[in-house]
Amino acid sequence: MEQDERAQRTGPGGPAEYITVAAEGVHETEINRSRFLCALAPAATEAEAQEFIARIRGEHPAANHNCAAYVIGADAGIQKADDDGEPGGTAGVPMLQMLLRRDVRYAVAVVTRYFGGVKLGAGGLIRAYGGAVGEALDAIGTVTRRRFRLVTVTVGHERAGRLENDLRATGRSVREVRYAAEVTIELGLPENQLDAFRGWLADATAGSARMETGGEAFGTV
């Protein structure tokens, strides 16, 4: 499991994992001569989502509409949708519903529409805006982030190199290694592996290493 450098720190409880956008990107579709450009991006906070929306709108000042939706929080605690002049409930809401239907979190979507002269009607708009987000998610891709516990291991220099190699060889996610009077190794572990890891560490270092558990975070699976 490779941990993301921008892993979302979280308090105890809540979902064990969530899905988010793999990277910022844009996917375009055309429906009855109207162009729909869906820009997607991961967003760690509501402020980041709003900044992304403002940036995309600034890039398309001549567009007829720049509709937006975002979901922040592993539990989808913050949800917003904006129709930007389209009939109420025909743009931002279906975009938001698509994000939620696909279990996407910490993500923002902006669908820019350049009108092609053919009216789509309420049902057509709902399908177009929701579908634009769904197609963009497929094209740009998603990643799963899983909850893990931050663990700090402190060990003497004489065992540090071998221990770090063993940690990496057994697939454990080493996040940082710091050298001082002793060597400190920070890693992330699933909660249900802590006891087994404690025993493994004692065997691997002949009981010479110290282990401390810290807070929780989300990292890429």
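Each residue takes its place number in the sequence, starting with 1. Bear in mind that the values here come from a model prediction, so they are computed numbers and not experimental data.
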Find out if a path of hydrophobic residues (ILVMFWY) with successive side-chain heavy-atom gaps under 4.5 Å connects Ile78 to Ile53.
yes
Side-chain touch Ile126/Val93, heavy atoms, less than 4.5 angstrom:
no
Answer yes when Arg102 and Asp138 have at least one side-chain N-carboxylate O distance shorter than 4.0 Å, and no when they do not.
yes
Going through the checks in order, is the side-chain contact (heavy atoms from CB on, under 4.5 Å) test met by Ile31 and Val118?
CA-CA 9 Å; Ile31 301 173; Val118 178; over 6 Å; no
Would you list the pairs meeting side chain to side chain donor-acceptor pair (under 3.5 Å) in which at least one residue belongs to residues 114-126, sequence neighbours left out?
His60-Tyr114
I want to check something: taking the side chain as every heavy atom from C-beta on, are Val155 and Ser208 in contact at a cut-off of under 4.5 Å?
yes
With sequence neighbours left out, write down each residue that passes side-chain contact (heavy atoms from CB on, under 4.5 Å) with Asn165, or none if nothing qualifies.
none
Only counting residues at least two apart or in another chain, list the ones meeting side-chain contact (heavy atoms from CB on, under 4.5 Å) with Val174.
Leu167, Arg168, Val177, Ile185
Tell me every residue that passes side-chain hydrogen bond (donor to acceptor under 3.5 Å, both in side chains) with Glu24, counting only those two or more places apart in sequence or in another chain.
Arg55
How long is the span from the CD atom in Glu48 to the CD atom in Glu51, to the nearest 0.5 Å?
7.0 Å
Under 4.5 Å between side-chain heavy atoms, counting indirect links through other Ile/Leu/Val/Met/Phe/Trp/Tyr residues: same cluster for Val183 and Leu163 or not?
yes
Partners of Thr90 by side-chain hydrogen bond (donor to acceptor under 3.5 Å, both in side chains), sequence neighbours excluded?
none
Test of understanding: with side-chain hydrogen bond (donor to acceptor under 3.5 Å, both in side chains), list the residues that count as partners of Glu182, not counting sequence neighbours.
Arg210
Any residue meeting side-chain contact (heavy atoms from CB on, under 4.5 Å) with Ala136, in chain and number order, not counting sequence neighbours:
His27, Cys38, Leu40, Ile140
Would you please test Arg101 and Met98 for side-chain contact (heavy atoms from CB on, under 4.5 Å) and show each step?
CA-CA 5 Å; Arg101 188 177 307 137; Met98 181 60 70; 3.4 Å; yes
With sequence neighbours excluded, give me every side chain to side chain donor-acceptor pair (under 3.5 Å) pair touching residues 124-133.
Glu86-Tyr129
Rounded to the nearest 0.5 Å, what separation is found between the CE atom of Met211 and the CZ atom of Phe197?
6.0 Å
Can you tell me if Thr20 uses its side chain to pair, donor with acceptor, with the backbone of Pro42 under 3.5 Å?
no
Here the side chain to side chain donor-acceptor pair (under 3.5 Å) pairs for residues 190-207, sequence neighbours left out, are Arg149-Glu191
Hphob cluster co-occupancy, Ile19 + Val133, side-chain heavy atoms under 4.5 angstrom:
yes
Give me the atom names and distance for the closest heavy-atom approach of Ala128 to Phe36.
CB-CZ, 3.8 Å
Which atoms form the tightest heavy-atom contact between Asn32 and Leu120, and what is the distance?
ND2-CD2, 3.4 Å
Do Asp83 side-chain atoms and Gly89 backbone N/O form a donor-acceptor pair below 3.5 Å?
yes
CG of Leu99 to OH of Tyr70: how many Å apart, nearest 0.5 Å?
12.5 Å
With sequence neighbours left out, write down each residue that passes side-chain contact (heavy atoms from CB on, under 4.5 Å) with Ala76, or none if nothing qualifies.
Val71, Gln79, Leu100, Arg105
Intermediate values then yes/no, side-chain contact (heavy atoms from CB on, under 4.5 Å), Phe115 and His65
CA-CA 9 Å; Phe115 183 56; His65 307 279; over 6 Å; no
Co-membership, hydrophobic cluster, residues Val104 and Ile72, 4.5 Å side-chain:
no
Excluding sequence neighbours, so at least two apart, what forms salt bridge (charged side-chain N to carboxylate O under 4.0 Å, His left out) with Glu135?
none
Cluster overlap Val110 with Val21, hydrophobic side-chain contacts below 4.5 Å:
no
Closest approach of Tyr18 to Ala74 (non-hydrogen atoms, all atoms of both residues)
CD2-CB, 3.9 Å
Between Thr29 and Ala132, is there a donor-acceptor pair closer than 3.5 Å when you use the side chain of the first and the backbone of the second?
no
Rounded at 0.5 Å granularity, tell me how far NZ in Lys80 sits from CG in Asp82.
10.5 Å
Side-chain touch Val151/Arg172, heavy atoms, less than 4.5 angstrom:
no
Any residue meeting side-chain hydrogen bond (donor to acceptor under 3.5 Å, both in side chains) with Glu176, in chain and number order, not counting sequence neighbours:
Arg178
What are the two closest heavy atoms between Pro87 and Leu125, and how far apart are they?
CD-CD1, 3.8 Å
Quick check: does any side chain N or O of Thr112 sit under 3.5 Å from a backbone N or O of Asn66, one acting as donor and the other as acceptor?
no
Looking at every heavy atom in both Val26 and Ala39, which two are closest together, and how far apart are they?
CG2-CB, 4.0 Å
Closest non-hydrogen atoms of Ala91 and Cys67, given as atom of the first, atom of the second and distance, are CB-SG, 3.5 Å
